[in-house]
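Written below as structure tokens is the structure these notes are about.
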Amino acid sequence: MQLPQAIERLSSLLARLPGVGERSAQRLALHILKQEPAYAEALSGALAGLHSGVRFCERCHHRATANLCGICSNPHRDASLLCVVEDVPDLLALERSGEYQGLYHVLHGVLSPLRGVGPRDLTLEALVRRIDAEAPAEVILATSISVEGEATASYIQSLLRNRPVLLTRIASGVPQGTDLEYLDQGTLGRALRARHSLLRP
Amino acid sequence: MSSPTSLGSCLCVRVQPLGDADLIVTLLSAELGRVDAVAKSARSSRKRFGGSLRLFSELDVNLGHGRGRLPVLATTSERRAWLGDSVGYDQLCLASYAAELALCASQPEHADVPLYLWLCDAWSLAAGSVQGVLRPLRLAIDVTWLRVMGLLPDLEACVRCGAHLDEGAVWAHAGQGLLCRNCAEGSAQRIGLDVLLGLRALSARGLDAEVARHLPSAGLRSVEERVAQLVAQAVSTPLRSAVALRAALAND
Ligand SMILES: [Zn+2]
Ligand SMILES: [Zn+2]
């Protein structure tokens, strides 16, 4: 050990964060040490209050400070639309798009037998209960366009079969600013299948 | 920078996030066995890999040179993908199970063409699975995997007396073989002739979709348990997707 134990301890904790390797953890620890002591205190205070100050929204399972999150408690959101997302970063991305004014339901994952994630590990039962109780006009499945995201969408489809709700799936296809020439065949094939009409005879 | 080296065709067996932007992709190469490689920026940008790092697909792969422990993917292009847009959860469970079995059997830097071809067949079988046939398809995957591993017992002759097996055979208790009608004792469940013939066809032809789909779904239980035991003995750690598959089978 070439560094004082306090630094080593912080580095080893930081190294458990996603995307942080051993060396960058060490760099971060040394960086924190270089700042005013007040910064380290504020940081540790923020970390200490994280679990007690954050809970799951009991309606949509987004992170919240009260029983309901900011979106669910906002009377201006359109409660007839319900968008199902895998995780909080996906919700935040949709919010950034500014295109969506409805409500969300966060699954907290995707069905993944390879990672040991099954239907019971997601908030699927709560989703069905919620749809029965709130009767939204449309449920939009915005799970990722991947094998596991598609399987999760089709699993939800089978759960909601026989319920009076419009179920839609986000479109997948050609990304903005892409030459068709360089597109992989899977994406191109999906874009062709999901084409929409411009004129009808 | 030196030019990329071709890995030839590979099966995309596992994809895991690495940090904010990258992926670790586990590939089964026909020529080089199991290869873990990093796909740089594959999560944050679609420029290099587009949608070509799809699970359960066959890719043409070129490796570049990374500074880290793992090699880095330079370019990939998709040759075929078995599970399309409307993949069902049962299909995902089967394909994941086959992927995990192949991973257990594979080794780095060790070509295994029969295993590669088996996984292609298994994914194709998973893609064609429909409600109600999950049980026979899982058995077919297990039996043919044991065959590829060289662990499938003789399905022709009694393990004790050598007599040709026909109606009324049972799986021996220790699991290493089948006993003929005369050698079988006690209340062990007899294997129906149609089931035995189906298993023989799989043993002879490999993972043939027609044979797998036509395994009789009645009378599979006793065989399923013994085969599952053999598979469990062969894989060192329990497979995660086996749990998901068991739950799916309970609903099938
Ligand atoms: Zn909420
Ligand atoms: Zn015998």
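Proteins get letters first, then strands, A, B, ... in listed order; numbering begins at 1 in each. It should be emphasised that the depicted structure is a prediction, and the values quoted were computed from it without experimental measurement.
Atom CZ of Arg193(A) sits in a crowded spot, with more than 12 heavy atoms from other residues, nucleotides or ligands closer than 6.0 Å. Within a 6.0 Å sphere centred on CD of Glu22(A), heavy atoms belonging to other residues, nucleotides or ligands number 12 at most. For Arg9(A), the CZ atom sits in a loose shell: 12 or fewer heavy atoms of surrounding residues, nucleotides or ligands are nearer than 6.0 Å.
Contacts of Phe56(B) with chain A are made by side-chain atoms alone, with heavy-atom separations under 4.5 Å and no backbone atom involved. Contacts between Arg169(A) and chain B at a heavy-atom distance below 4.5 Å are absent for every atom of the residue. With a threshold of 4.5 angstrom between heavy atoms, Val243(B) does not approach chain A through any atom at all.
By a heavy-atom distance cut of under 4.5 Å, Ile145(A), Ser146(A), Val147(A), Glu148(A), Glu150(A), Ala151(A), Ser154(A), Tyr155(A) are the residues of residues 130-162 of chain A near chain B, going up by number. Listed by sequence position, Leu92(B), Cys93(B), Ser96(B), Ala99(B), Glu100(B) are the residues of residues 92-111 of chain B in contact with chain A, using a 4.5 angstrom heavy-atom cutoff.
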I would like to know whether Val13(B) and Leu114(A) meet side chain to side chain contact (heavy atoms under 4.5 Å, CB included); could you show each step before the answer?
CA-CA 10 Å; Val13(B) 182; Leu114(A) 282 174; 6.0 Å; no

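Counting heavy-atom pairs closer than 4.5 Å to chain B, the top-ranked of the candidates Pro89(A), Ala194(A), Pro119(A), Ser112(A) is Pro119(A).
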